[in-house]
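Below is one structure; the comments refer to it alone.
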Amino acid sequence: MTAGPSLHIARDDTGVDVEAAERAAADFLAALGIDVDHEDLQETPGRMARAYAELFDARPLRLTTFANDEGYDELVLARAIPFRTVCEHHLLPFSGVAHVGYLPGERIVGLSKLARLVEHFAARPQVQERLTKQVAECLSARLRAPGVGVVLEAEHSCMTLRGVRALGAKTVTSALLGTLRSDPASRAEFFALAGVPRLEMAHPEGDAGKDHDHDRSTCGPEQGRRLDLAR
């Protein structure tokens, strides 16, 4: 079956009560000993509530596709797509860039939709491993692409601003599906074009096709890898 020209991902809309969030933010700040009645801080709870509402605003996404009339079967890759999201463990932001690629089948996807796909899944409390996997599996399932690869490079403020305070450390995660996982040459090409050839070492030939345990699986058995790189 051939995919249609447009695939819609609806938003899970449970409703946003900004006024309630503002009241909760004021209580939260007061509990930390911050005087929210001070002239300079009176509007802070409202700003805080609206800021998080914006971060969690997952807009509906329509993946527009087109017939692959030319039979193009080489890698399509969008590099350095900026993203920002919030760590679900501390509700502190992490941000970076995503490299998203696929091998076309019967259809190709509008290039801007690769960035929209990253944005869509980033608009909620996240962990980087899951975000990487969700983008890869959604693109694979909806486009029926023979191969999909996603790499995320991000700096986590929960690691750089608190705790260990490892300023400058970046976390790199990858998820490969189909040919980009099973074929060493295709895998190497993807990592080279994404500009992260060191990740090739994280996918030795012997790992191709193996399943790995994961407690937050989404659409399929293939799992992401994670490397922490201090730069």
Side-chain angles (χ1 to χ4, degrees), residues 1-12 58-83 85 96-123 126 128-153 172-197 199-200 202-203 205 207-212 217-225:
M1 181 185 296
T2 301
S6 186
L7 297 163
H8 183 255
I9 300 176
R11 174 184 175 182
D12 295 329
R59 293 180 292 176
L61 171 68
R62 195 172 290 275
L63 286 179
T64 307
T65 69
F66 307 92
N68 187 11
D69 293 330
E70 290 74 25
Y72 185 82
D73 59 0
E74 297 294 333
L75 187 63
V76 177
L77 187 140
R79 288 187 58 195
I81 299 168
F83 75 91
T85 185
V97 294
H99 314 295
V100 182
Y102 73 99
L103 293 170
E106 294 181 1
R107 304 190 71 82
I108 56 177
V109 67
L111 293 177
S112 68
K113 303 308 179 184
L114 298 178
R116 293 287 189 190
L117 189 60
V118 175
E119 177 191 53
H120 178 82
F121 284 111
Q126 273 287 12
Q128 186 171 329
E129 295 90 337
R130 185 193 311 129
L131 176 58
T132 310
K133 193 164 175 283
Q134 285 176 331
V135 173
E137 290 185 341
C138 183
L139 185 61
S140 176
R142 293 178 177 271
L143 194 57
R144 297 184 180 91
V148 170
V150 177
V151 171
L152 266 58
E153 303 178 72
V172 181
T173 50
S174 67
L176 303 179
L177 304 175
T179 302
L180 292 186
R181 182 181 180 92
S182 62
D183 179 61
S186 297
R187 185 170 64 243
E189 179 187 13
F190 169 74
F191 284 134
L193 290 179
V196 284
L199 276 182
E200 172 63 16
H203 293 267
E205 244 180 283
D207 277 354
K210 289 185 180 178
D211 295 340
H212 299 264
S217 179
T218 51
C219 301
E222 336 250 8
Q223 309 302 331
R225 307 293 208 283

Between Leu131 and Thr173, does the side-chain contact (heavy atoms from CB on, under 4.5 Å) criterion hold? Intermediate values first, please. CA-CA 9 Å; Leu131 176 58; Thr173 50; over 6 Å; no
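- Here the shortest heavy-atom pairing between Ala175 and Ala136 reads CB-CB, 3.9 Å.
- Rounded to the nearest 0.5 Å, atoms OG1 (Thr65) and NZ (Lys113) are 11.0 Å apart.
- Between Glu189 atom CD and Thr179 atom OG1 the span is 11.5 Å, to the nearest 0.5 Å.
- The two residues Gln126 and Phe121 have their closest heavy-atom pair at NE2-O, 2.8 Å.
- For the pair Val118/Leu152, no side-chain contact is recorded, criterion being any heavy-atom separation below 4.5 Å from C-beta on.
- The two residues Tyr102 and Val148 come nearest to each other via the heavy atoms CB-CG2, 4.1 Å.
- Looking at heavy atoms from C-beta onward, Leu143 lies out of side-chain contact with Leu63 at the 4.5 angstrom threshold.
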Could you go through Arg59 and Arg116, starting from their C-alpha distance and side-chain angles, then the distance that decides it, and tell me whether this counts as side-chain contact (heavy atoms from CB on, under 4.5 Å)? CA-CA 9 Å; Arg59 293 180 292 176; Arg116 293 287 189 190; 2.9 Å; yes
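- Side chains of Leu176 and Phe191 form a contact here, defined as non-hydrogen atoms less than 4.5 Å apart.
- Residues Glu74 and Pro104 approach most closely at O-CD, 3.1 Å, considering heavy atoms.
- Looking only at distances, no side-chain donor or acceptor of Asn68 sits under 3.5 Å from a matching main-chain atom of Ile108.
- Atom OG of Ser186 and atom CG of Leu103 lie 6.0 Å apart (nearest 0.5 Å).
- Between Leu139 and the choices Val150, Leu177, Val100, the side-chain contact (heavy atoms from CB on, under 4.5 Å) rule is met once, by Val100.
- At distances below 3.5 Å, not a single donor-acceptor pair connects side-chain atoms of Arg79 with backbone N or O atoms of His99.
- Interatomic distance, CD of Glu119 versus CG of Leu114, reported as 13.0 Å (0.5 Å rounding).
- Rounding to the nearest 0.5 angstrom, the gap separating the NE2 atom in His120 from the CZ atom in Phe83 is 15.5 Å.
- Here the OG-CD distance, from Ser174 to Glu129, works out to 10.5 Å after rounding to the nearest 0.5 Å.
- Pairing each heavy atom of Phe190 with each of Gly101, the nearest pair is CE1-N, 3.9 Å.
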